[in-house]
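Reviewing the structure listed below.
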Amino acid sequence: MRKIDKACDKAPDKVIRIYLSCIIMTTVLILLASGCKEHHIPSSTKASWQWPAMGTVASLTVYGGEADTALMLAKAAVEEVNTQLSAFDPASDVGKINAAAGTGAYIALRPQTRQVLDASILYYRESGGAFNPLVGPLMEAWGFSRGGEKSVVGVPSADTREAAQRLCDFSRLDRSADGGVRLLDPGMKLDFGAIAKGYAVDLAFEHLLGAGYTNVLMNLGGNMRAIGVPSPVRKGWRIAVRDPRKALTDQPLGTVLLVDGCAIATSGNYEQYFEWEGKRYSHIMDPRIGYPVGGVLQVTIIAPTAMMADALSTTCFVLGVEEGLKYLARYPQCEALFVLDDAKKGVLIKMSVGFRDMFERGKVESDEQ
Ligand code: AMP
Ligand code: MG
C-alpha cells in the first residue's frame, strides 16, 4: 500500500517535468521560427482585398474568422445592391424606372430599392431639396457620366440647364398603392449615386456581423464602416481624411478613430470634374439652382450608418458649411469636417465640435490597407 502511495506521490512530479520540457521546447521552437527576435504576436491574422465595384474601388480588411468567406459575403452584398440600384444597368430597378419615365408604367421595387428610395425621400424633404436623387438629368446636362467621359464641353446653355432642372422635380415621382414607382415625365432619371454605396456597405456590414465576424473594415469608394477594432489594444480603426488638394496617397489632413459600428463617408470635388475657363465644375449638383456646387472641396461625415454618412456628406457638400452644420443639428450622432475654398481667405477647414475631438492632424498611418 505504502509503495503504491509513494509511486502515486511521484507521479505529479513526473507530469510537471513533462509539461515543463514541453513548454521549454515550444518556446525554443517559437524563438527559432521568429529568428529569436522580440516579437509581437497578433491576436489573429489580417486579410485584406481590393476589387472594382460600383464604378469605384471596394476594399475589405478582416482580422480573424474565415477570410475568404468574409470576402464572398462582402462582394455578394455589393453586387446585390448594384443589380437593384445601378442607373447604368437597364435590368436594375432604377434602370427600368428610368427607361419607363413618361410612359405611365409603374415599376415594382425590390425591398432594397424601396429602402433606399424611402430614405432618399426623407433626405430630400429634410434638406429642402439639396439632396435630390432625381438629379440624373442635371448630371447629363453637365456631361457627367460614369468613367468621367465628357459628352458636353463647357457650361451648358441656360435653356439646357433649366430644362434639366425641371426634370428634377420630386413631385413628378409617383408611387402606386402597392409600392410601384413611375416618373411622370420623359427624360426624368433617378440617380442613387449619392447614397447607394453607403447602403451597400451597410448591407455588407450586416452580412459580416451576422456571420460572426468581429474585426472588419469595409470601404466602398470612401464610404466605410467598422466592426470591432484592428487589435485588442486599440479603441478603433484609424482612418485617414484626405487632403482634397493632394493625391490620395499623399499626406492626409489627419486621421480619425472609427469605433465599432460607426461609419464615415467623404464627398469630394476631385472625384469627377471638368475645368472650364479656369474654374472647376464638380459632379455634385445643387439641384435648387441647376449648377455644380462651388466653393466646397470636400465634406467628411461620421454617422451611425454608412448610408446616412453617404447621404449626409453629399447633402452637406451642397448646403455648404453654415447651412450644413445647422442641418446636422437634426443628427446629434453625426459629426462633420468641411474643406472650403473661400474666395477671400483661401482654403479653410471647419469641423463640428465632436469631429475636432476625434481628429488628429497630419498623422499618416491609417488602418485602411
Ligand atoms: P457622393 O460622391 O456620395 O457625394 O455622390 C455624388 C454623386 O451623387 C454624383 O456623382 C451624382 O450621381 C449624385 N448627385 C450629385 N448631386 C446630387 C445631389 N444634390 N443630390 C443627390 N445626388 C446627387
Ligand atoms: Mg454621398
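The basis for the numbers below is simple: all heavy atoms, side chains too, and nothing from hydrogens, waters or symmetry mates. Numbering of ligands and ligand atoms starts at 1, following listing order.
- Using a cut-off of 2.8 Å, one finds that Thr314 contributes an N/O/S atom close to the Mg ion (ligand 2).
- Here the closest heavy-atom approach between residue Asn215 and residue Trp237 is recorded as C-CZ2, 3.8 Å.
- Ligand-side atoms of ligand 1 in range of Val318: 19 (N), range being under 4.0 angstrom from any heavy atom.
- Residues Tyr124 and Phe131 keep their aromatic ring centres 6.0 Å or farther apart.
- Within the model, atoms CD of Glu79 and NZ of Lys75 stand 9.5 Å from one another, a figure rounded to the nearest 0.5 Å.
- Not a single heavy atom of Gly268 sits under 4.0 Å from any atom of ligand 1.
- Counting heavy-atom neighbours within 6.0 Å of Arg234 CZ, excluding the residue itself, gives a total above 12.
- The protein atom (non-hydrogen) at minimum distance from atom 14 (N) of ligand 1 is Val135 CG1, 3.6 Å.
- Stacking of Arg175 on the aromatic ring of Tyr106 is not recorded, the 6.0 Å distance cut-off and the 45° axial limit not both being met.
- The shortest N or O to N or O distance between Ala130 and ligand 1 is under 3.5 Å.
- Taking atom 15 (C) of ligand 1 as the reference point, the nearest protein heavy-atom neighbour is His283 O, 3.4 Å.
- Within the model, atoms CG of Asp174 and CG of Leu184 stand 5.0 Å from one another, a figure rounded to the nearest 0.5 Å.
- Residue-level proximity to ligand 1 for Lys197 is absent, since no heavy atom of it falls below 4.0 angstrom.
- Counting backbone and side-chain atoms alike, Ile195 contributes no N/O/S atom closer than 2.8 Å to the Mg ion (ligand 2).
- Other residues, nucleotides and ligands place more than 12 heavy atoms under 6.0 Å from the NZ atom of Lys96.
- A donor-acceptor pair shorter than 3.5 Å cannot be found between the side chains of Gln84 and Ser92.
- Per-residue contacts place Asn132 under 4.0 angstrom from the following atoms of ligand 1 (heavy atoms of the residue considered): 18 (C), 20 (N), 21 (C), 22 (N).
- The neighbour count for Glu275 CD, taken as heavy atoms of other residues, nucleotides or ligands under 6.0 Å away, is above 12.
- In this structure, Tyr281 has its ring center under 6.0 Å from that of Trp142.
- Distance check, rounded to the nearest 0.5 Å: CG of Asp357 to CE of Met351 gives 10.0 Å.
- Less than 4.0 angstrom separates some heavy atom of Ser267 from each of these atoms of ligand 1: 1 (P), 3 (O), 4 (O).
- Ligand 1 lies less than 4.0 angstrom from a heavy atom belonging to Phe131.
- The single protein non-hydrogen atom nearest to atom 1 (P) of ligand 1 is Thr314 OG1, 3.3 Å, given as residue, atom name and distance.
- In terms of polar-atom proximity, Met285 is counted as a contact of ligand 1, with an N or O under 3.5 Å from an N or O of the ligand.
- Looking at atom 12 (O) of ligand 1, its nearest protein heavy atom turns out to be Asp191 OD2, 2.8 Å.
- Put simply, the angle at the Mg ion (ligand 2) from O in Asp310 to O in Ala194 is close to 90°, to the nearest 10°.
- Closest to atom 22 (N) of ligand 1, if we only count protein heavy atoms, is Ala194 CB, 3.3 Å.
- Atom numbering of ligand 1 starts at 1 in the shown order; those under 4.0 Å from a heavy atom of Asp310 are 3 (O).
- Residue Pro287 has at least one heavy-atom neighbour below 4.0 Å for each of these atoms of ligand 1: 19 (N).
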